[in-house]
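Data first, discussion second: the structure below is written as structure tokens.
Counting starts at 1 for both ligands and their atoms, following the listed order. Just so we're clear, the structure is a prediction, and the values are computed from it rather than from any experiment.
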Amino acid sequence: MAARIDHLVTSGTFALDGGEWDVDNNVWLVGDDTEAVVIDAAHDAAAIEAVLAGRRLRAIICTHAHNDHIDAAPALADATGAPILLHPDDLPLWRQTHPDRTPDGELADGQEITVAGTTLTVLHTPGHAPGAVCLYAPELAAVFTGDTLFQGGPGATGRSFSSFPVIVDSIRDRLLTLDPATAVRTGHGDSTTIGAEAPHLDEWIARGH
Ligand SMILES: [Fe+2]
């Protein structure tokens with residue numbers, strides 16, 4: 001049985017630099033009827049467990065450590081026994097949300113995570129956050145981009161720990177080089193494709209966000 005992608009949207013708050021914003025987050029599960037991984041345990045562990053529906057959770061993969069993407073990770077880990085995986089460059093952000101709990105394992109560029117017979121390759125794509133990663137699943141023709149690439153442009157880089165020149169390099173060198181037919185499954189909002197976004201890189205650079 002081939003791996004499939006499940007999706008839910010959860011709601012909560014994003015907090016950074018003293019501000020708070022209401023947000024809806026995309027939570028992605030890749031798996032089959034037996035096992036799955038979760039990409040970004042946002043806001044609501046019980047809702048994610050409902051989609052998991054008793055399947056073995058192999059890992060909780062964090063695209064980055066902004067609180068809205070990791071706030072439910074410890075509760076989901078406690079409920080399932082799954083390890084939380086984060087790129088170590090985002091540990092300073094992680095500690096702002098979970099000072100008493102560290103992730104269980106590290107994500108590294110080029111690392112491969114296999115679930116339900118399909119492979120997710122970790123792409124380190126700093127810029128929105130220093131430890132931001134994307135997960136590329138060529139067999140599913142999909143890349144999970146967190147807050148690095150959205151429909152319409154790069155993720156926000158106006159707050160602490162972010163850099164616009166760095167995210168542009170990540171998007172240009174690591175994402176826009178993927179097959180144009182690749183579906184872009186984002187951290188917030190609608191999906192897009194690499195081919196739909198690639199022609200707009202120069203516009204994003206010119207506007208500066
Ligand atoms: Fe973010």
Side-chain angles (χ1 to χ4, degrees), residues 7-29 37-45 47-48 59-77 84-99 101-103 106-109 120 122-136 142-172 174-176 184-192 197 204 207-209:
H7 172 227
L8 70 156
V9 177
T10 59
S11 300
T13 300
F14 168 51
L16 190 65
D17 295 342
E20 281 200 2
W21 299 265
D22 292 335
V23 287
D24 295 329
N25 281 64
N26 293 323
V27 179
W28 302 97
L29 290 84
V37 298
V38 166
I39 300 170
D40 286 345
H43 307 308
D44 190 339
I48 299 168
I60 300 164
I61 300 169
C62 307
T63 62
H64 63 297
H66 282 154
N67 74 296
D68 56 322
H69 293 254
I70 62 165
D71 51 0
L76 186 62
I84 300 168
L85 307 181
L86 177 73
H87 192 288
D89 289 357
D90 259 19
L91 283 171
L93 276 167
W94 172 276
R95 291 190 195 103
Q96 291 187 2
T97 300
H98 301 302
R101 166 86 179 238
T102 53
E106 296 188 348
L107 297 172
D109 188 60
L120 301 172
V122 176
L123 308 176
H124 183 211
T125 52
H128 178 71
V133 301
C134 298
L135 290 309
Y136 180 44
V143 62
F144 300 89
T145 57
D147 290 357
T148 293
L149 179 63
F150 292 115
Q151 182 187 70
T157 51
R159 300 186 185 95
S160 299
F161 300 96
S162 288
S163 165
F164 182 68
V166 172
I167 202 172
V168 165
D169 285 349
S170 291
I171 291 170
R172 179 203 291 117
R174 307 306 304 279
L175 298 179
L176 300 188
V184 176
R185 307 294 184 192
T186 61
H188 305 275
D190 293 335
S191 295
T192 181
E197 300 304 323
W204 305 334
R207 76 187 186 193
H209 62 91

#### Entry: Option passing ring-ring contact (aromatic ring centres under 6.0 Å, His included) with His69 (candidates His43, His128, His64)
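Of the listed residues His43, His128, His64, the ring-ring contact (aromatic ring centres under 6.0 Å, His included) partner of His69 is His64.
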
### His128, N/O/S atom nearest the Fe ion (ligand 1)
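Output for this pair reads NE2.
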
#### Entry: Non-hydrogen side-chain atoms of Phe144 and Leu120 separated by less than 4.5 Å
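SC-SC contact between Phe144 and Leu120 confirmed.
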
### Message
Let me check your reading of the structure: within less than 2.8 Å of the Fe ion (ligand 1), is there an N/O/S atom from Asp68?
### Response
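Asp68 does not place any N, O or S atom closer than 2.8 Å to the Fe ion (ligand 1).
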
### Query
N/O/S atom of His66 under 2.8 Å from the Fe ion (ligand 1), yes or no?
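True for His66.
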
### Task
Give a yes or no answer on whether the side chain of Thr145 reaches the backbone of Val184 with a donor-acceptor pair at less than 3.5 Å.
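No: the side chain of Thr145 does not pair with the backbone of Val184.
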
### Message
Can you tell me how far apart CZ (Phe150) and CG (Asn26) are? Round to the nearest 0.5 Å.
### Response
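Reported value, rounded in 0.5 Å steps: 9.0 Å.
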
#### Entry: Opening angle between NE2 in His64 and OD2 in Asp147, taken at the Fe ion (ligand 1), to 10 degrees
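Result: 90°, to 10°.
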
